[in-house]
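The structure presented is a predicted model; accordingly, all values stated were derived computationally and were not measured.
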Amino acid sequence: MAQPRTLFDKIWDSHLVDRQDDGTCLIYIDRHLVHEVTSPQAFEGLRLAGRKVHRPEAALAVADHNVPTTDRSHGIADTESRIQVETLASNCADFGVPFVAMDDVRQGIVHIIGPEQGFTLPGTTIVCGDSHTSTHGAFGALAFGIGTSEVEHVLATQTLIQKPAKNMRITVEGARPLGVTAKDVILAIIGRLGTAGGTGHVIEYAGPAITDLCLEGRMTVCNMSIEAGARAGLIAPDETTFAYLRGRPMAPKAGRWEAAVAYWRTLPSDQGAAYDKDVRIAAGDIEPQVTWGTSPQDVVPVSGRVPDPAAVADDAKRQAMAQSLSYMDLTPGTAMRDVRIDKVFIGSCTNGRIEDLREVAAVVEGRAVADGVYAMIVPGSGLVKNQAEEEGLDKIFRAAGFDWREPGCSMCLAMNADRLEPGERCASTSNRNFEGRQGRGGRTHLMSPGMAAAAAVAGRIADVRELSR
Amino acid sequence: MEKFDRLTGVAAPLPLVNVDTDKIIPKQFLKTIKRTGLAEGLFYEMRFDEAGKPKPGFVLDQPAYKNAKILVTGENFGCGSSREHAPWALLDAGIRCVIAPSFADIFYNNCFKNGILPIVLPAEQVDLLMDDAQRGANAVVTVDLEKQEITGPDGGILHFDVDAFRKHCLLNGLDDIGLTQQKADKIAAYEARQRTSQPWLNP
Ligand code: SF4
């Protein structure tokens, strides 16, 4: 009998173009997402070498990092940002790569529009010059971030030189308690593994607390695989996946759809497949999570306190912790719920989808953003924005005092005009709390959309469960 | 890509763990459409204050380390984003080799594509090199890729591992794309197979 294989093994095997004697493989890339920050030098490289794009229709490009999230009818004010976005547009035109323009309703964060368009499909290999490409693993696709040289390599050859990753499985057993979301699950996992825990691995998430999630929640989980050091996250495709994809503009059409689904059903890991690491977590133990430090692994339950470096034995770790606390201006022992905030950012490829916005609306409806707090909501794409407006969510947000903006990456990394000022503290639904990530000197606390909404209303970090109705 | 065979130069100590790519090169430097000129952004927030004035003391700004070619640092170096601007900035500042107990995957990969050799050594050995690197201008270290050896300032030799294919490419300064294009027939054959087995992938 054939050796049982994991979902990762199956996708890997089916994309092998060549395998050298030393184990180095050439794998085929089915889908390539492109954005403005990591692609200009790749196109320039092609041009210098007189190379063409091998298969332009396998790519999809969009500008997201530099776009303003306010009225765009006058273009982009910042010169460098504007040049970068224009360069993407002209590169796509020159090389025949499909491009979603800034004024197109489909424009949005690259990891949000891929799934929305049905560009992201199970069993495929997907890459992008962006570490959060792991998001697309939620569909059972092998999706990972690459550097610009590799972007150029994929454009020129539709392949990548790789070695197989190791398999890790994380099974989240039992049901998620009320008020505990996909974001809390993944933050708890990162807290447990550490930011290097997944290095060299592809993480397959399994168990009832994962398969229970809608696709949006699954994307949140896979998105932050990179924060656990893994290059990719994976969730086996199932009926939820097929239902999400059916009828999407770039998904297989009737006639081909049935064959596609039949193939996708063969993808889940076989019984008895071997994993290099196998981790089990009880969903029932997870509380809403919040970070206190400057690494995504610096996480505690919302009922917890700022930890004390004095309790850490390892020198380097103690120093790193003390440094984080000083940057974050937090005193050991402070209850997380006593930490006041200045700003709230709801959005990003982690939590900028419709489900996330519904979660926020459920908390803030009939309530108001606390005095002195500035709270912004940046939908992940134009389609998310329209959907939210159709559901009347924007009215709830505006009535509560939120700023409702145009789609893009925005204050997730503060490359456009949206950023924290030095010393400002932010409740954020994004994925990185590194020093300066959301603006120099800015302090980021990562949490779920519901928790960020609760923080907006309370003016401090708050337990969303106390506000639930 | 420039070849990497044997490198002799000053090793600079950066005894920090989890140095992320935002720290190596912050986002304001990502707006460029070029690969060069990024040295000014390298470790920017450790080197300049909020007003853009130089903060004294950062290791690579000290006279003894101005011409450092090697960086010795802590675990999980290069974690965070996929930005190749991180190795580009290191290269632009003259760093051709980074030695650490561990690296983040994408950064590690990106180094090889740019003629930078990332070396993983056990933590105890990195500690030894970190001590050596504290000696300022005397912290001269030689890295020999062919032999896979690092010679410290006192002549002590450490062995390191490196993937054979990557070593080959680095030693010869080979262009990955050129190599892959030699396999064009295999790629075409794969595409033909896939058109039959998964027709829905092609509109
Ligand atoms: S939303 Fe943030 S993490 Fe996601 S692609 Fe944009 S900048 Fe990167």
Chemist: Rounded to the nearest 0.5 Å, how far does CG of A/Asn431 lie from OG of B/Ser81?
Modeler: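 Atom-to-atom, B/Ser81:OG and A/Asn431:CG are 10.5 Å apart.
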
Chemist: Around atom NZ of A/Lys52, are there more than 12 heavy atoms of other residues, nucleotides or ligands at under 6.0 Å?
Modeler: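 Counting neighbours around NZ of A/Lys52, 12 or fewer heavy atoms of other residues, nucleotides or ligands fall under 6.0 Å, so no.
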
Chemist: Any side-chain heavy atom of B/Asp105 sitting closer than 4.5 Å to one from A/His201?
Modeler: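 They are not in contact (no side-chain heavy atoms under 4.5 Å apart), so the answer is no.
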
Chemist: Side chain, backbone, both or neither: which part of B/Thr32 has a non-hydrogen atom closer than 4.5 Å to chain A?
Modeler: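 Contact with chain A: backbone and side chain both.
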
Chemist: Between A/Ser295, A/Ala316, A/Ala320, A/Ala414, who has the most heavy-atom pairs with chain B when the cutoff is under 4.5 Å?
Modeler: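 Result: the option with the highest number of such pairs is A/Ala414.
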
Chemist: Should A/Val37 and B/Arg83 count as side-chain neighbours, where that means a heavy-atom distance under 4.5 Å?
Modeler: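 No - every pair of side-chain heavy atoms lies 4.5 Å or more apart.
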
Chemist: Of the backbone (N, CA, C, O) and the side chain (C-beta and beyond), which part of B/Glu45 lies under 4.5 Å from a heavy atom of chain A, both, or neither?
Modeler: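 Interface part for B/Glu45: both.
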
Chemist: Taking the basic N atoms (NZ, or NE/NH1/NH2) and the acidic carboxylate oxygens, is any pair closer than 4.0 Å for A/Asp18 and B/Lys186?
Modeler: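 Result for this pair is yes, salt bridge flagged.
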
Chemist: Inspect the contact between A/Asp78 and B/Lys31 and indicate whether a charged nitrogen and a carboxylate oxygen are less than 4.0 angstrom apart.
Modeler: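 The answer is yes: the pair qualifies as a salt bridge.
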
Chemist: How long is the gap from CG on A/Leu26 to OG1 on B/Thr180, to the nearest 0.5 Å?
Modeler: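 A/Leu26 atom CG to B/Thr180 atom OG1 measures 5.0 Å (nearest 0.5 Å).
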
Chemist: Checking heavy atoms, do the side chain of B/Asn76, its backbone, both or neither come under 4.5 Å from chain A?
Modeler: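 Side chain only.
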
Chemist: Taking the side chain as every heavy atom from C-beta outward, state whether A/Thr157 and B/Lys183 have any atom pair closer than 4.5 Å.
Modeler: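 They are not in contact (no side-chain heavy atoms under 4.5 Å apart), so the answer is no.
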
Chemist: Is A/Thr24 close to chain B through its backbone or its side chain, or both, or neither, when contacts mean heavy atoms under 4.5 Å?
Modeler: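 Side chain of A/Thr24 only, per the 4.5 Å heavy-atom cut-off to chain B.
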
Chemist: Please state whether the side chain, the backbone, both or neither of A/Ile226 comes within less than 4.5 Å of a heavy atom of chain B.
Modeler: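 The side chain, not the backbone.
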
Chemist: Side chains of A/Phe43 and B/Ile33, heavy atoms from C-beta outward: is any pair under 4.5 Å?
Modeler: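 A side-chain contact under 4.5 Å is absent here.
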
Chemist: Just checking, any donor-acceptor pair under 3.5 angstrom between side chains of A/His153 and B/Gln181?
Modeler: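 There is no such pair between these side chains.
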
Chemist: If I measure from the heavy atoms of chain B, does A/Gln162 come under 4.5 Å with its side chain, its backbone, both, or neither?
Modeler: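 Side chain of A/Gln162 only, per the 4.5 Å heavy-atom cut-off to chain B.
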
Chemist: Any salt bridge linking B/Asp175 with A/Arg51? Criterion: basic side-chain nitrogen under 4.0 Å from a carboxylate oxygen.
Modeler: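 Salt bridge: yes.
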
Chemist: May I have the step-by-step check of side chain to side chain contact (heavy atoms under 4.5 Å, CB included) for A/Leu121 and B/Leu201, ending in yes or no?
Modeler: CA-CA 9 Å; A/Leu121 294 175; B/Leu201 290 180; 4.0 Å; yes

Chemist: Measuring heavy-atom distances to chain B, does A/Thr199 have an atom under 4.5 Å in its side chain, in its backbone, in both, or in neither?
Modeler: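 A/Thr199 touches chain B through backbone and side-chain heavy atoms alike.
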
Chemist: Counting only heavy atoms closer than 4.5 Å, note whether A/His15 contacts chain B via side chain, backbone, both or neither.
Modeler: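 For A/His15, the contact with chain B is made by backbone and side chain together.
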
Chemist: Considering only heavy atoms, which portion of B/Tyr108 lies under 4.5 Å from any heavy atom of chain A: side chain, backbone, both, or neither?
Modeler: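 No part of it gets close to chain A.
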
Chemist: How many angstroms lie between OG1 in A/Thr148 and CG in B/Asn110, if you round to the nearest 0.5 Å?
Modeler: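 It comes to 7.5 Å.
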
Chemist: For residues B/Phe29 and A/Glu80, determine if any side-chain heavy atom of one lies less than 4.5 Å from a side-chain heavy atom of the other.
Modeler: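 They are not in side-chain contact.
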
Chemist: Would you compute the distance between atom NZ of B/Lys27 and atom CZ of A/Arg437 and round it to the nearest 0.5 angstrom?
Modeler: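 The CZ atom of A/Arg437 is 7.0 Å from NZ of B/Lys27, to the nearest 0.5 Å.
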
Chemist: Out of B/Gly80, B/Gly74, B/Ala164, B/Ala104, which one racks up the most heavy-atom pairs below 4.5 Å with chain A?
Modeler: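 Most pairs with chain A among the choices: B/Gly80.
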
Chemist: So for A/Leu16, is it side chain, backbone, both, or neither that comes closer than 4.5 Å to the heavy atoms of chain B?
Modeler: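 Backbone only.
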
Chemist: Parallel under 30°, tilted from 30 to 60°, perpendicular over 60°: which one fits the rings of A/Tyr263 and B/Trp200?
Modeler: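 Taking B/Trp200 first and then A/Tyr263, their aromatic rings sit tilted (interplane angle of 30° to 60°).
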
Chemist: Heavy-atom pairs under 4.5 Å with chain A - which of B/Ser102, B/Ala189, B/Ser82 has more of them than the others?
Modeler: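 The option with the most such pairs is B/Ser82.
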
Chemist: State whether A/Lys163 and B/Asp163 are salt-bridged, where the test is any N-O pair (Lys NZ or Arg NE/NH1/NH2 against Asp/Glu carboxylate O) under 4.0 Å.
Modeler: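 Between B/Asp163 and A/Lys163 there is a salt bridge, with a charged N closer than 4.0 Å to a carboxylate O.
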
Chemist: Please check: side-chain N/O of A/Gln84 versus main-chain N/O of B/Leu30, any donor-acceptor pairing under 3.5 Å?
Modeler: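 Yes, the answer is positive, given that a donor and an acceptor are paired below the 3.5 Å cut-off.
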
Chemist: For B/Val17 and A/Lys317: C-alpha separation, side-chain torsions, deciding distance, then whether side chain to side chain contact (heavy atoms under 4.5 Å, CB included) applies.
Modeler: CA-CA 8 Å; B/Val17 295; A/Lys317 296 218 169 89; over 6 Å; no

Chemist: Do A/Arg55 and B/Glu191 come close enough that some side-chain heavy atom pair is under 4.5 Å?
Modeler: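 Of all side-chain heavy-atom pairs linking B/Glu191 with A/Arg55, at least one is under 4.5 Å.
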
Chemist: What part of A/Thr133 gets closer than 4.5 Å to chain B, counting heavy atoms only: side chain, backbone, both or neither?
Modeler: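 The answer is neither part of A/Thr133.
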
Chemist: Does CG belonging to B/Asn67 count more than 12 external heavy atoms closer than 6.0 Å?
Modeler: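 No.
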
Chemist: Find the distance between CD1 (A/Ile146) and CG (B/Asn109) and round it off to the nearest 0.5 Å.
Modeler: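 A/Ile146 atom CD1 to B/Asn109 atom CG measures 9.5 Å (nearest 0.5 Å).
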
Chemist: Return the option, out of B/Glu75, B/Glu50, B/Lys34, B/Arg166, with the maximum number of heavy-atom pairs under 4.5 Å with chain A.
Modeler: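 Option with the greatest count: B/Glu50.
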
Chemist: Cut-off 3.5 Å, side chains only: do A/Thr38 and B/Glu84 have a donor facing an acceptor?
Modeler: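 There is no such pair (donor and acceptor under 3.5 Å, judged by atom type) between the side chains of A/Thr38 and B/Glu84.
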
Chemist: Please tell me if the side chains of A/Gln41 and B/His85 come closer than 4.5 Å, counting only heavy atoms from C-beta onward.
Modeler: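 Yes, side chains in contact.
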
Chemist: Examine whether an atom of B/Lys23 lies under 4.5 Å from a heavy atom of chain A, and if so say whether it belongs to the side chain, the backbone or both; otherwise answer neither.
Modeler: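 Answer is side chain: those atoms of B/Lys23 sit under 4.5 Å from chain A.
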
Chemist: Please check if atom CZ in B/Arg6 has more than 12 non-hydrogen atoms from other residues, nucleotides or ligands closer than 6.0 Å.
Modeler: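 No, CZ of B/Arg6 has 12 or fewer neighbouring heavy atoms, counting only those of other groups under 6.0 Å.
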
Chemist: Given a strict heavy-atom distance threshold of 4.5 Å, which part of A/Arg432 is in contact with chain B: side chain, backbone, both, or neither?
Modeler: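 Just its side chain gets close to chain B.
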
Chemist: Heavy-atom pairs under 4.5 Å with chain B - which of A/Arg440, A/Gln158, A/Glu435 has more of them than the others?
Modeler: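 Top count of heavy-atom pairs under 4.5 Å with chain B: A/Arg440.
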
Chemist: Can you measure from SG (B/Cys79) to CZ (A/Phe434) and round to the nearest 0.5 angstrom?
Modeler: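 Going from the SG atom of B/Cys79 to the CZ atom of A/Phe434 covers 4.5 Å.
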
Chemist: With a 3.5 Å cut-off and no angle check, do the side chains of A/Arg256 and B/Asn202 form a donor-acceptor pair?
Modeler: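 There is no such pair (donor and acceptor under 3.5 Å, judged by atom type) between the side chains of A/Arg256 and B/Asn202.
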
Chemist: A quick test of your reading: do over 12 heavy atoms of other residues, nucleotides or ligands sit less than 6.0 Å from CG of A/Asp314?
Modeler: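 Check passes, neighbour count above 12.
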
Chemist: May I ask you to test the B/Asn114-A/Ser149 pair for a side-chain heavy-atom distance under 4.5 Å?
Modeler: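 Sidechains of A/Ser149 and B/Asn114: in contact.
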
Chemist: If you count heavy-atom pairs within less than 4.5 Å of chain B, which of A/Gln319, A/Glu227, A/Gln323, A/Glu152 leads?
Modeler: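 Looking at each option in turn, the highest pair count goes to A/Glu152.
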
Chemist: Measuring heavy-atom distances to chain A, does B/Arg193 have an atom under 4.5 Å in its side chain, in its backbone, in both, or in neither?
Modeler: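 For B/Arg193, the contact with chain A is made by the side chain alone.
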
Chemist: Between A/Asp30 and B/Gln194, do the side chains contain an N or O donor and an N or O acceptor separated by less than 3.5 Å?
Modeler: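 Yes, side-chain donor-acceptor contact under 3.5 Å.
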
